[in-house]
Every structure is written in structure tokens, then in C-alpha cells.
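Sequence positions, counted from 1, serve as the residue numbers for this chain. Both counts, for ligands and for their atoms, begin at 1 and track the order of listing.
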Amino acid sequence: MKLPGQGRRRAGKDAPRDTEVPTATTDDPGEPDEATTPDETDGPAATAGPDKADKTDAVGSADADETGEPGEAAEPEEAAEPEEAAGTGKAAAVDATGDRDARAGKNRRRGSSSGGGGMFRNRVRRFLQRPGTADLSRYTKLLPQIAAAEDRLKELTDEELADAAGDAVEDSELCAIGREAARRALGERPFDVQLVGSMAMLSGQIAEMATGEGKTLSGAIAAAGYALAGRSVHVVAVNDYLAKRDAEWMRPVYDRLGVSVAWINQSSTPAERREAYAADVTYAAVSEIGFDVLRDRLALNPDDMVTQEPDVALVDEADSVLIDEARVPLVLAGSAVEGDVDVKIAEIVRELDAETDYEIDEDARNVHLTETGARTVEEALDGIDLYTEEHLPTLTKVNVALHAHALLERDVDYIITGEKVRLVSESRGRVAWLQRLPDGLHAAVEAKEGLNATDTGEILDSITIESLIRRYPTVCGMTGTALAVGEQLREFYGVEVAAIEPNVPCVRDDEEDHLYTTLDAKEQAIVEEVRQTHESGRPVLIGTLDIAESERLAARLDEEGLPCVVLNAKNDAEEAAIIAEAGSRGAITVSTQMAGRGTDIKLGGSGGDRQEIADLGGLQVIGTGRHESSRLDDQLRGRAGRQGDPGSSVFFASMEDDLITSYAPDEGAPDDADEDGLITDPGMHWVLGHAQRVAEGVNLEIHRNTWRYNKLTEEQRRTVLDYRDKVLRTDVALETLGEHCPERLAELRETVGDDVLAEAARQITLYHLDRGWAEHIADVADVREGIHLRALGRGLDPLDEFHKEAVRSFNNLLKQAQERSDETFKTVEITEDGVDLGSAGLKRPSATWTYLVQDNPFGTDLDRAVRSVGRLLGRPRSG
Ligand code: ADP
Ligand code: MG
């Protein structure tokens with residue numbers, strides 16, 4: 001291995017990027033821009049018609065294929081076509097590792113270990129391997145080389161080591177140097193498996209490594225590798241606390257590699273953010289990055305922007321971010337306008353009869369008025385006809401209020417603190433401080449709870465986490481649980497999973513589920529289990545499904561003289577400190593999913609005796625119910641048995657759990673339960689696993705659907721943004737306005753200089769563009785909400801109809817923005833001091849704020865349809 005060789009010196013951050021640097025271009029078959037590109041010269045252009053947009057079956061069966069989906073290139077059948085692959089140079093174009101990875105490879109400045117020849121071999125091998133996993137041999141074969149460099153690297157001074165890092169070309173060199181840097185900086189010598197993880201990430205893959213394997217360090221070495229190759233890296237952290245912790249923890253390693261690192265938190269100022277984004281490696285929660293992108297999108301001056309072109313995203317807990325939270329919209333809202341709360345409608349809805357006036361779907365996710373209910377509401381509203389076009393807004397309000405009334409449960413879906421509704425996010429099981437329900441629904445919950453409406457704002461823009469991440473030309477990451485969603489990661493992001501064995505084999509004892517007839521019997525059994533384990537001195541971690549359950553169980557444990565600590569909605573730093581002690585002798589910790597995430601549970605706690613606890617049998621993890629996804633179960637189990645520690649895990653479940661009642665509802669209680677309610681019938685265990693698989697399938701379909709609908713909006717966003725950027729950075733606004741209003745231009749030129757005029761034209765155009773976009777996304781949301789019913793009523797395809805309407809609205813937006821700009825240009829006063837849009841009633845939002853919506857709990861007609869299909873499939877077989 002050559003060390004101070006002729007490797008490419010790393011390009012400085014500000015150095016112009018050479019042509020290899022990826023930009024969002026049209027060469028990606030999966031990217032939305034395939035269908036439309038903004039007109040280069042003439043300002044806003046009409047976008048693609050619906051004929052270009054894909055038309056898929058609305059309800060979208062699992063195998064409905066979409067043209068242009070990123071996963072398409074990676075179908076196994078294709079991998080099995082030797083002729084196509086070997087014959088032409090096409091192998092590279094249809095790289096079986098997925099387009100994202102192919103690009104990562106293409107864009108890598110560092111020499112890639114797999115040449116074109118290996119590609120075909122890999123494809124075949126992968127085909128024989130478990131689907132969705134990468135071949136690790138191309139990494140493991142480099143390990144001896146890495147080990148061989150170790151002694152030599154130890155001799156280098158710190159300065160020489162940093163120089164060697166700057167010169168490193170091959171991943172193997174980089175890993176050897178990274179190992180030495182970590183040894184010096186942290187006193188931890190990265191294990192082979194950690195370096196294999198780094199190499200997988202450097203190849204644009206998701207490294208699956210169990211909890212406690214040291215992914216933080218593994219990821220840092222990969223991030224440094226990208227940075228040393230001149231790339232700009234965002235390490236996407238789970239939350240603010242971990243962004244800061246990990247960046248500071250890894251800083252000494254980066255320092256020794258000559259790589260700059262920074263982090264962003266919610267409280268970071270714009271100047272701090274700009275500086276942080278300028279570092280080689282930036283750690284931040286996905287929401288913070290998204291909010292910055294959204295805010296930049298409204299900048300009136302290029303200097304106000306804080307973000308840069310997205311380049312590499314290295315995502316921690318990748319499956320949560322890329323799959324579980326993919327559909328979560330990040331929202332930028334502005335201008336407090338009077339809330340549209342309808343207290344009256346809330347009251348009407350409250351009086352409705354649950355038996356006759358409305359029906360709740362079996363999966364408790366949707367509710368709708370019955371005919372009787374509709375009549376009751378219509379009478380209460382002075383006899384209007386709810387189902388006419390004219391009263392559509394009222395019908396929407398009624399539906400929203402009904403949803404809040406019948407489906408959203410206090411202390412499960414939200415809690416009330418300090419007169420405010422705070423959402424509880426399902427998958428995180430924690431209060432989401434920044435989150436709001438979609439506007440109408442939030443107000444409806446406030447009305448239901450008799451609270452004063454908080455300010456609602458107009459949504460200025462929003463972007464889903466999926467769309468945000470897809471902006472990055474290279475996506476890679478790490479998590480303990482990726483394999484189960486390997487196919488989805490490929491489908492939605494074109495990334496592959498590299499499943500890496502633990503450093504020390506896992507010896508955790510995962511017990512079979514304990515299944516009970518009733519909730520009460522289950523909780524009684526949990527308490528007994530805790531008592532038994534606790535008496536032995538072993539620490540117990542109880543993972544619950546929601547906050548209400550945590551509280552209930554904690555109270556019950558307390559009553560039984562089993563004092564516990566509850567982790568729910570506290571702040572992340574506090575939770576981290578508490579969970580760090582969860583492995584202490586006799587500790588009982590009750591925690592919702594993800595609370596205290598990313599923090600090690602060391603046996604014996606921070607100061608205690610590891611061996612003592614290990615001898616007792618290590619940590620016991622108790623799950624109070626299976627989650628909607630087996631990955632979440634596995635994440636909980638993974639809390640025990642880290643790095644070869646002893647430990648055990650067991651889940652308790654009951655036939656009354658939501659999972660069963662929602663997804664396997666027709667399965668009654670079996671006959672053969674013992675006097676404690678414990679079910680021994682093995683068929684029932686099958687039902688439990690089956691319900692979970694149905695839930696997973698339903699969630700996948702909803703994800704697919706959301707993406708089908710979002711795709712077009714993303715194309716449109718890009719079109720508008722490209723044009724907006726041009727307005728911001730050039731004089732195109734004045735040119736266009738001058739063309740449209742030559743007389744006005746001539747008149748203004750008599751008194752006002754060209755620079756001032758150009759700036760005024762710019763501000764006018766930006767104002768109307770941004771307004772138009774806000775109106776457009778509101779329109780699109782409305783269209784999407786109602787399209788299913790309307791389209792079905794006329795025998796049309798909803799997705800098609802949606803596309804037609806969205807394209808119409810978009811074309812209208814561009815046209816209207818230009819007309820409004822022309823009008824303003826003609827009438828507004830422009831002097832040497834510039835233009836005062838405020839005095840013309842064209843005020844920008846006085847304040848903006850951001851929030852994220854965990855999901856759209858209201859769902860859409862389409863989601864509903866998909867769920868009912870899921871339920872049909874979900875009919876369990878008997879016994
Ligand atoms: P993960 O994110 O994979 O769950 P972390 O990155 O939080 O794991 O690391 C878990 C623990 O392992 C940390 O305390 C870290 O200091 C330790 N660790 C990581 N790598 C090594 C190593 N090579 N040698 C010793 N300890 C390590
Ligand atoms: Mg971690």
C-alpha cells in the first residue's frame with residue numbers, strides 16, 4: 001500500500017468542483033426531473049402534462065410497477081440475465097447495486113475496489129445471496145492489507161498521519177489511517193467489522209450493524225473518507241442531542257485526519273448554520289437540515305442562504321429516517337392568520353351518536369359519517385346539503401372534527417400540557433414538541449379539548465423527509481435493523497444493505513412471545529415477570545408502545561412495590577443520562593420506543609461492576625407488545641446483549657392488543673388458555689406474527705402511495721426553485737418585466753438607476769412566485785384530499801385525475817405569478833430607494849416557523865382504500 005503516494009490532494013471546500021461532482025441532473029431514471037425541466041431561457045415554463053406522469057393503478061397492488069422507480073434497475077430477474085450484462089457495456093448502466101450506488105461509485109474520486117468486471121460477478125452472487133444484501137467479500141479481502149499497514153502508521157507523527165490521510169486514495173488506506181487516528185484520539189482501535197462498515201458506507205451502502213457495535217466511529221471514518229475525497233458530508237443524526245454528542249465525540253478523530261467537523265442544533269443562529277454547513281462534515285438532525293432547506297428557499301438574497309448543494313448524506317438509524325419517517329412532511333409556515341377553528345362544528349360532532357351517526361374502520365384509523373349522521377349534521381347546520389360542491393369546505397371541517405373526536409385519543413395520540421396540544425409520535429413514543437397536526441386537525445383537537453386555538457399559519461412550503469434525502473446524490477448510512485427493509489431501501493432510495501456480523505457473537509436469549517387473552521392478564525403477567533427478575537438483582541428494561549401504557553404500567557409496578565424510572569417525554573439529554581444507568585443492579589426502567597436512543601446501556605451502569613451484572617444474566621428486555629414492524633421489536637431487543645454481553649428479551653402480547661384487533665381482527669380468543677390467561681395454542685403465535693406482517697405490508701403500500709402523489713409536486717418544486725434561483729442570482733426578472741411592460745420600464749428608467757430597478761423587479765417577482773407556490777401547495781393538498789371520491793364517482797383513475805389537476809394548478813401558478821408581477825411592476829411606486837412592497841399590500845410573512853408532522857393521521861381516501869385491501873389480505877387462516 002502506498003501511503004504518501006500520488007493520490008489526489010483533497011480539494012478544498014471552496015475550490016471549484018471538477019466535473020465528476022454530482023449534481024441533480026436528469027441522468028437518474030428515478031428522479032422526478034425526468035418529466036420536466038425548466039425552460040432555460042424564458043422564465044417560467046409549463047411543466048409536463050399528465051401524459052408524462054406515470055399512471056398506475058390507484059390502489060396500487062404490491063407488484064404494481066412504476067416507470068422510473070429507482071428500484072427498477074435492480075430487479076433480480078435482471079441480474080439473472082447474463083447476456084445483457086456481459087455483452088454490452090450496459091452492465092454499468094444497470095448496475096445491480098442500484099442507481100444511487102452506481103452513481104456513488106461513479107462519483108467517487110477514490111478508486112473503487114470493484115471494477116466493471118466484478119460488477120457482473122457481484123450481480124450474480126447477490127442474486128444467489130439473500131435479496132437486498134451486499135457482497136462483503138470486496139471489503140473483507142482488504143482487511144489483511146489494512147492490518148499490515150498498522151505498525152508503520154503507528155510510527156508517524158500526528159502531522160504525518162494527517163498528511164497521509166490527505167493523500168489516501170484507496171478505501172483500504174483510508175481505513176488503516178482512520179483506525180490509527182481513532183486509536184490515538186479515543187483510545188479505541190476500530191474492530192475489523194467497524195472498518196467493513198466504513199467501507200460499505202464509502203460504497204454508498206447502508207451498513208447493518210447491531211446496537212453497541214460502535215457505528216458512531218464507523219460512520220465517522222466513512223464521513224472522513226468522503227470528505228478527504230472532496231465531498232461534503234451531512235451526517236444525519238436522530239436528534240439534536242445526538243448530533244452534537246456525536247460530532248464532539250468524533251471531533252478528535254476528524255482532527256487527526258485533517259477534516260473539519262461541525263454540528264447544528266435547533267438553537268443555532270443562521271451565521272452558525274452557514275459556518276457549520278461549510279465544514280467538511282456537518283452533523284444535524286434531519287429536521288434541522290430540512291428546515292434550513294425550506295428557509296433558504298425563501299431567501300431574498302443569495303447571501304442569506306445557509307445550506308449548500310447537497311452531496312453526501314450519511315444517515316444514522318437509517319431505517320427510521322429513510323423508511324419510518326419518510327413520509328413525514330417538514331413544514332415552513334408563516335404569517336399568523338386567524339385560525340379557522342370551528343367550535344360550532346366541534347360541538348355538533350361531540351353530540352353525534354357513536355352507534356348510529358358514524359362508523360370507525362376496524363383498524364381505527366378512519367371514521368366516516370353514516371347517512372343518519374350526515375343528516376344530523378346537516379340539520380344542525382341549518383339544513384345545508386353537505387355533499388354539494390358549495391359545502392365541500394364544511395364537509396371537510398366536519399370530517400376533520402369527527403376524526404379528532406372519534407379517533408385521536410388523549411394521552412395516546414396527544415397530551416395536553418400548559419393548555420397546548422402536544423403530539424405524541426407513534427413510532428418514537430415521545431412528545432414531539434415541534435410537531436403539529438395538519439392545520440385543520442390541530443385546531444379541531446384544540447376545539448375538542450376546549451382550548452384556545454393557537455395561531456395557525458399559512459404553509460409556505462413543505463417537503464417530506466424522503467424528498468429531502470433524495471436530493472443527495474449519494475445516500476449511505478447505518479442502523480441495527482436494515483435487512484428487513486432492504487428491498488424498500490432499494491426501491492425508494494436505490495441503496496443496498498450490507499449486513500455485518502457483530503464483533504463478538506450475540507448470546508442474548510430471545511424468548512418466545514408470551515401471549516395472553518386479555519390486556520389485563522398480560523399486564524399482570526408483566527408485573528410478575530418484572531418482580532421475578534428484579535428479585536434476582538438483574539436490571540430490567542420495559543419497552544412500551546405508548547406513553548399511556550408507560551404511565552399505567554409504572555403505576556402498577558409502583559403499587560406492587562417495584563419502583564421504576566419512566567422515560568417518556570423528557571428531553572433527549574436527560575433521557576440519555578437515565579438510560580445509561582438502566583443496566584445498574586436492580587434498575588427497572590420503563591421506556592417508550594426510541595427514548596434515550598443512541599445511548600449505550602452498559603451492564604453495571606456508568607460506575608458499577610459489569611461482571612457482577614453479567615454473572616446475574618445481564619439486562620432483561622421486556623416488550624409490552626409487538627410493534628407494527630418487526631424492526632421496532634428488534635431495536636428494543638437490541639438493547640440487551642450488546643457486544644457479546646449476556647442478556648435476554650421477551651415480548652408479552654394479548655389478543656386485545658391494537659396490532660391484533662387492527663390487523664387480524666377476525667381471530668377470536670382460543671379455548672385453551674390457562675387460568676392466568678396464557679395462551680398455549682401455537683396457531684395463535686402465528687396470528688401475532690401474521691398481524692405484524694400485514695401491518696408492515698399496509699405501511700409499505702401507504703408509503704408507495706404517498707410517493708406516487710409526492711413525485712409530481714417534487715418535480716414542480718424543482719421547476720419553481722430553479723427559476724426562483726435564476727431570479728435571485730440574475731437580472732432575468734427585470735428583463736422579463738421590461739419585455740412585458742416596455743413603457744413602464746422606459747418611464748422608470750428616467751428616474752431610477754438600473755441596479756435599483758433590477759433589485760425591485762427581483763423582489764416583486766420573488767414575492768409573487770413565493771405566494772403562488774404557497775397557494776399551489778394548498779390547492780394540491782385539497783385536490784389530493786378529495787380526488788379519490790370524485791374520480792371514482794366518475795369512473796376515472798384518481799392518480800391520473802390528481803396529476804391533471806396538479807399540472808393545471810401549477811401552470812396557472814406560473815402564469816399568474818408573472819401576471820401579478822407585471823401588474824405590480826406597473827403600479828407600485830419605485831424610487832431610487834427601491835420598492836416598498838409592504839405599502840402596496842404585498843407584505844411578506846412577518847414571521848416564519850417550522851414544524852414537522854409525524855404523519856397525516858387524517859389519511860387520504862387512497863390510504864383508506866389501501867388499508868381496506870390490507871385488511872382483506874389480513875384475514876388469518878384458522879387455527
Ligand atoms: P452503536 O451506535 O453501534 O449502537 P456506539 O457508536 O454508540 O454504538 O458505541 C457503543 C460503545 O462502543 C461506545 O461506548 C463506544 O465508545 C464503544 N466503542 C466503539 N468502538 C469501539 C472500539 N473499537 N473499541 C472499544 N470500544 C468501542
Ligand atoms: Mg448509534
S.K.: Please work out which of E188, R189, R639 has its closest non-hydrogen atom nearest to atom 23 (N) of ligand 1.
M.R.: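 Result: the heavy atom closest to atom 23 (N) of ligand 1 is in R189.
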S.K.: Heavy-atom distances under 4.0 Å decide this one: backbone, side chain, both or neither, for Q194 against ligand 1?
M.R.: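 Under 4.0 Å from ligand 1, Q194 contributes side-chain atoms alone.
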S.K.: Classify the contact between R642 and ligand 1 as side chain, backbone, both or neither, using a heavy-atom distance cut-off of under 4.0 Å.
M.R.: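 Just the side chain.
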S.K.: Kindly state whether the ring of H234 and the ring of Y277 have centres lying under 6.0 angstrom apart.
M.R.: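 Yes - the distance between ring centres of H234 and Y277 falls below the 6.0 Å cut-off.
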S.K.: Provide the closest heavy-atom pair for A587 versus A582 in the form atom of the first, atom of the second, distance.
M.R.: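 For A587 and A582, the tightest heavy-atom pair comes out as CB-O, 3.8 Å.
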S.K.: Suppose I only count heavy atoms of T211 and a 4.0 Å limit; which atoms of ligand 1 are within that range?
M.R.: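 Taking each heavy atom of T211 in turn, ligand 1 has 4 (O) under 4.0 Å.
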S.K.: Between T533 and V540 (side chain of the first, backbone of the second, donor and acceptor by atom type, cut-off under 3.5 Å), is there such a pair?
M.R.: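 Judged by distance alone, no pair lies under 3.5 Å.
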S.K.: Against heavy atoms of D600, which atoms of ligand 1 measure under 4.0 Å?
M.R.: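 In order of numbering, the contacting atoms are 10 (C), 11 (C), 13 (C), 14 (O).
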S.K.: Should you measure from each heavy atom of F191, which atoms of ligand 1 turn up under 4.0 Å away?
M.R.: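 In order of number, 22 (C), 23 (N), 24 (N).
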S.K.: Judged by atom type as modelled, is there a donor-acceptor pair below 3.5 Å linking the side chain of N239 to the main-chain atoms of Y241?
M.R.: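 Such a contact is found between N239 side chain and Y241 backbone.
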S.K.: Taking N or O atoms only and a 3.5 Å limit, does L217 qualify as a polar contact for ligand 1?
M.R.: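 Among all N and O atoms of L217, none is under 3.5 Å from an N or O of ligand 1.
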S.K.: Report the member of D246, T216, D316 with the shortest heavy-atom distance to atom 6 (O) of ligand 1.
M.R.: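 Selected option, by shortest heavy-atom distance: T216.
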S.K.: Which residue supplies the protein heavy atom nearest to atom 4 (O) of ligand 1, what is that atom called, and how far is it?
M.R.: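 Of every protein heavy atom, G212 N, 2.6 Å lies nearest to atom 4 (O) of ligand 1.
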S.K.: Any donor-acceptor pair under 3.5 Å linking the side chain of T282 with the backbone of A278?
M.R.: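 Checked: no pair found.
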S.K.: Any chance CD of E275 has more than 12 other-residue heavy atoms, nucleotides or ligands included, within less than 6.0 Å?
M.R.: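 No, CD of E275 has 12 or fewer neighbouring heavy atoms, counting only those of other groups under 6.0 Å.
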S.K.: Without swapping roles, check the side chain of D292 against the backbone of T307 for a donor-acceptor pair under 3.5 Å.
M.R.: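 No: the side chain of D292 does not pair with the backbone of T307.
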S.K.: Going through the distances and angles, do D316 and D246 end up as a side-chain contact (heavy atoms from CB on, under 4.5 Å)?
M.R.: CA-CA 11 Å; D316 194 9; D246 292 354; 4.1 Å; yes
S.K.: Of all the atoms in ligand 1, which lie at a distance below 4.0 Å from a heavy atom belonging to A210?
M.R.: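 The atoms of ligand 1 under 4.0 Å from a heavy atom of A210 are 3 (O).
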S.K.: Please write down residue, atom name and distance for the protein heavy atom closest to atom 8 (O) of ligand 1.
M.R.: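 Of the protein heavy atoms, G214 N, 3.2 Å lies nearest.
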S.K.: At less than 4.0 angstrom from any non-hydrogen atom of K602, what atoms of ligand 1 do you find?
M.R.: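 Once the distances to K602 are compared, the set is 14 (O).
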